[in-house]
Number of protein chains: 2
Amino acid sequence: MRLAPAAAAQLKRRSVSRAAPRPAVIRSTAEFARYVGLSRSAVSRVMNEQPGLRQATIDRVRRAIAETGFTPNAHAVHLRGKPSKMIGLCVENLLTPSGVAKLSELQELLAARGFTVLIEVDRADGSRKLIEHFLSLRVQGVVFVGHFNPELLGERIAGLRRHGVPHLVVDHSGCANAPTVTLDRGAAMEEVVAHLHGDGHRRFGLMGISGAFQTVADRLDGVRAALRKRGLAFDRCVVALDHLHVRTDHFEFGRLLAREFASRRDRPTAFIAVNDETAIGALLEFQSRGLRVPGDLSIVGFNNQTICQMTTPALTSVDQQIERTARMATDLLIGAIDRPLPRLPAMRLIAPQLVVRGSTGPAQRRRARG
Amino acid sequence: MRLAPAAAAQLKRRSVSRAAPRPAVIRSTAEFARYVGLSRSAVSRVMNEQPGLRQATIDRVRRAIAETGFTPNAHAVHLRGKPSKMIGLCVENLLTPSGVAKLSELQELLAARGFTVLIEVDRADGSRKLIEHFLSLRVQGVVFVGHFNPELLGERIAGLRRHGVPHLVVDHSGCANAPTVTLDRGAAMEEVVAHLHGDGHRRFGLMGISGAFQTVADRLDGVRAALRKRGLAFDRCVVALDHLHVRTDHFEFGRLLAREFASRRDRPTAFIAVNDETAIGALLEFQSRGLRVPGDLSIVGFNNQTICQMTTPALTSVDQQIERTARMATDLLIGAIDRPLPRLPAMRLIAPQLVVRGSTGPAQRRRARG
DNA sequence: CTGAAAGCGCTTACAG
DNA sequence: CTGAAAGCGCTTACAG
């Protein structure tokens, strides 16, 4: 027999104000209220720290929480009107150390502001599903960290825009339709060249800075600008031998390039690598061939990872300022919540920092004229 | 003026069966049903692929979904009775590469089974809040990855047990009250010693394998057992100089230890390091002092990270079998969902795999007698 | 084959 | 100061 609604409500009401013995696990405010001997409203008000409650009531509820470990169902809370307090984080992969470092910082900063971070890895298959998943959980914002297929990324951004979900791209420079926070790679290269030039270097070897990526173009622009500023011609000062080898493992690639450069008569005195791994591969290879670093040649990495400390001398590298990047990303994203999406997405550049270590030093006299 | 419930319902009903123009963003089945011109029930049935629907109805709904990009609110779905399809993942930190690799595999496997992974980092402050957070989101299971403060971990496990939430500890060996999946570190060391012994080595240097951790004890037990099996006395064959230096950076620690060992007359011919970083620091230091690897000495790392490829020769190391670990963890956790928690938590050991590379080789004659 | 109604676990006006 | 009732967005018996 089904009870008429009114009768069912009666039944419920009757049992409300009788304290029950502690059940195994309490799963709802209703159960919990019965346990404390108060109404669900009273319990809810205590949990949300609303004013106008008797101290005795507050204590009673608090004690019961401590006893039972009751936690309100976040999904129900959200459904009732509270924001989901979730942020979607889409990462290129979880294997790139600098990407993971950014994720780590972002997670920490967002958690500190009460957000739960949902991490999704950009896997080949789930192109559309990824955004749907975030949307179904009613995330309040989405951050993309890393380098993505531009077309796919654009599609996802469009989906988020359509649904009015704030979003932000970190590091994938050259995404026109999304607000972006990215390292100023041009400035990084300018700093590197300035440092090496200051040490008397006039011939530069580029390692792994090639390919059809926006980030590569940005870096080359930086090198070009820095040289122009010093009255040097890019074509005459810069040598790259990337085309001679297939890039598989970074270390190995650096090693192979170093082998090529080592035997050249017109070997540059300074090398700028696409990342720390390539730089270290090259450095170790140069050293094993009897070349001294920085006596015979200087070498600079990129990302300033812990492995920079591994070699002797330690590797000069460019720090991405991950903490500052994450902070800016967090502030921008959270600032965009509950605000209309901006018409023109802005691009914020993060200033890199060159960390000078032992792998760079004054150019040798006899090579200074190149 | 407030409407009486019945009147309000009337008002709602009236607008139900008129198709409306497409709104900016559709946020509920009610809105969406209005848009399609069907009832909420019909829409829900299509979305859940229930039988007994006219094809025309199905098509109509599907088309509307494609047009609007409508996604049902996952929180509401859960509230109505469906499991949350969420798993909490508590990691020691996001900086340890092997920890992140495990997290990555786990996320992939769980995502493939339809679970959303909530990642929390074990930060000093939020001890209790971490579990509360997972509980409030009604996760269906929790995995701990890494090494934790045993007391805190035990407390958290107890909390989960009390609430009947399945849980699993990966890697933190020696947690009595929780089901555990962990690398068989003893077996790893046995394999290492067997390999080195097979190459004629009889004196072993331990680097960084010290301290009051269960994992250290497990490793030392493995070394001991392997030596005993070969009729060798641990005390006579094994040298450790960890006490001579403070462990800060792994590379640097390896370098410092190598420096100590290099000048010793009774230098071991084989070195076993706590991890790849320490091994590489030592290897580079030995080489820079003119010692040949593996000609003069062999060296073994642990974790089999990409940096093993970096040195010449490449580093022999122990692979943690992360994929297998993650698969077993996933299977165990998912198997425990909707089943009563076992009385006696089981410990599963993952067999490691020794990856032999160039840094290990036959011991020199003159040193073989040590 | 489809719709109206009840109910999941909360919170918040509204009444007392 | 506290409780009963409505309603968030869903799904699923129950009616038709």
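Letters go in sequence order (proteins before strands), and every chain restarts at 1.
Applying the side-chain hydrogen bond (donor to acceptor under 3.5 Å, both in side chains) rule to A:Thr180 yields no partners; only residues at least two apart in sequence or on another chain are considered. Scanning for salt bridge (Lys or Arg N to Asp or Glu O under 4.0 Å) contacts around A:Arg54 gives an empty result, with sequence neighbours left out. Residues passing the salt bridge (Lys or Arg N to Asp or Glu O under 4.0 Å) test with A:Arg348: none are found, sequence neighbours excluded.
Nearest approach of B:Asp122 to B:Arg156, heavy atoms of both residues: OD1-NH1, 2.8 Å. Here the closest non-hydrogen pair linking B:Val100 and B:Leu94 is CG2-O, 3.5 Å. Contact record, B:Pro166 with B:Gln140: CD-O, 3.3 Å, taken as the closest heavy-atom pair.
Residues of residues 54-64 of chain B that place a heavy atom closer than 4.0 Å to DNA chain C, in numerical order, are B:Arg54, B:Thr57. Within residues 74-85 of chain B, the residues approached by DNA chain C to less than 4.0 Å at the level of any non-hydrogen atom are B:Leu79, B:Arg80, in residue-number order.
In this structure, B:Glu323 pairs ionically with B:Arg327, as a charged nitrogen and a carboxylate oxygen lie closer than 4.0 Å.
For the OP1/OP2 pair of D:dC10 and a distance below 4.0 Å, the side-chain nitrogens and oxygens of B:Thr29 include at least one atom meeting the criterion. Between B:Asn73 and D:dC8 there is no side-chain N or O to OP1 or OP2 distance below 4.0 Å.
Along DNA chain D, the nucleotide closest to B:Ser44 and the one closest to A:Ala42 are compared, and the more 5′ of them pairs with A:Ala42. Residue whose closest nucleotide on DNA chain C sits further toward the 5' end, between B:Arg138 and B:Pro51: B:Pro51.
Between B:Phe148 and B:His172, the ring-plane angle classifies as tilted under the 30° and 60° cut-offs.
To the nearest 0.5 Å, the span separating CG on B:Leu332 from CD1 on B:Ile337 amounts to 11.5 Å.
The CD atom of B:Glu31 sits 8 Å away from the P atom of D:dG9 (whole-angstrom rounding). A straight line from CD of A:Glu49 to C1' of C:dT11 spans 15 Å, rounded to a whole angstrom. In this structure, A:Asn48 places its CG atom 11 Å from P of C:dC10, rounding to the nearest Å. Here the P atom of nucleotide C:dG9 and the CE atom of A:Met47 are 15 Å apart, to the nearest Å. Taking atom CG of B:Leu137 as the reference point, atom P of C:dG9 lies 16 Å away to the nearest angstrom. A straight line from CZ of A:Arg45 to C1' of D:dC1 spans 8 Å, rounded to a whole angstrom. Put simply, CG on A:Leu53 is 13 Å from P on C:dT11, counting in whole angstrom units. In this entry the distance linking CZ of B:Arg34 with P of C:dT2 reads 20 Å, nearest Å.
The residue B:Ser28 sits close only to the backbone: its heavy atoms come under 4.0 Å of sugar-phosphate atoms, none of a base. Across all strands shown, A:Phe32 has no heavy atoms under 4.0 Å from either base or sugar-phosphate atoms.
Counting only distance, with no hydrogens or angles, the side chain of B:Asn48 and the backbone of B:Gln50 share no donor-acceptor pair below 3.5 Å. The main-chain N or O of B:Arg27 is found under 3.5 Å from a side-chain atom of A:Arg138 such that the two form a donor-acceptor pair.
Side-chain N/O atoms of A:Ser39 and base N/O atoms of D:dA4 include no donor-acceptor pair closer than 3.5 Å.
Remark: the A:Ser84 side chain and the B:His75 side chain contain no N/O donor-acceptor pair separated by less than 3.5 Å.
Stem list for DNA chain C (at least 3 consecutive Watson-Crick or G-U pairs, distances under 3.5 Å): C:1-3 with D:14-16, C:5-12 with D:5-12, C:14-16 with D:1-3.
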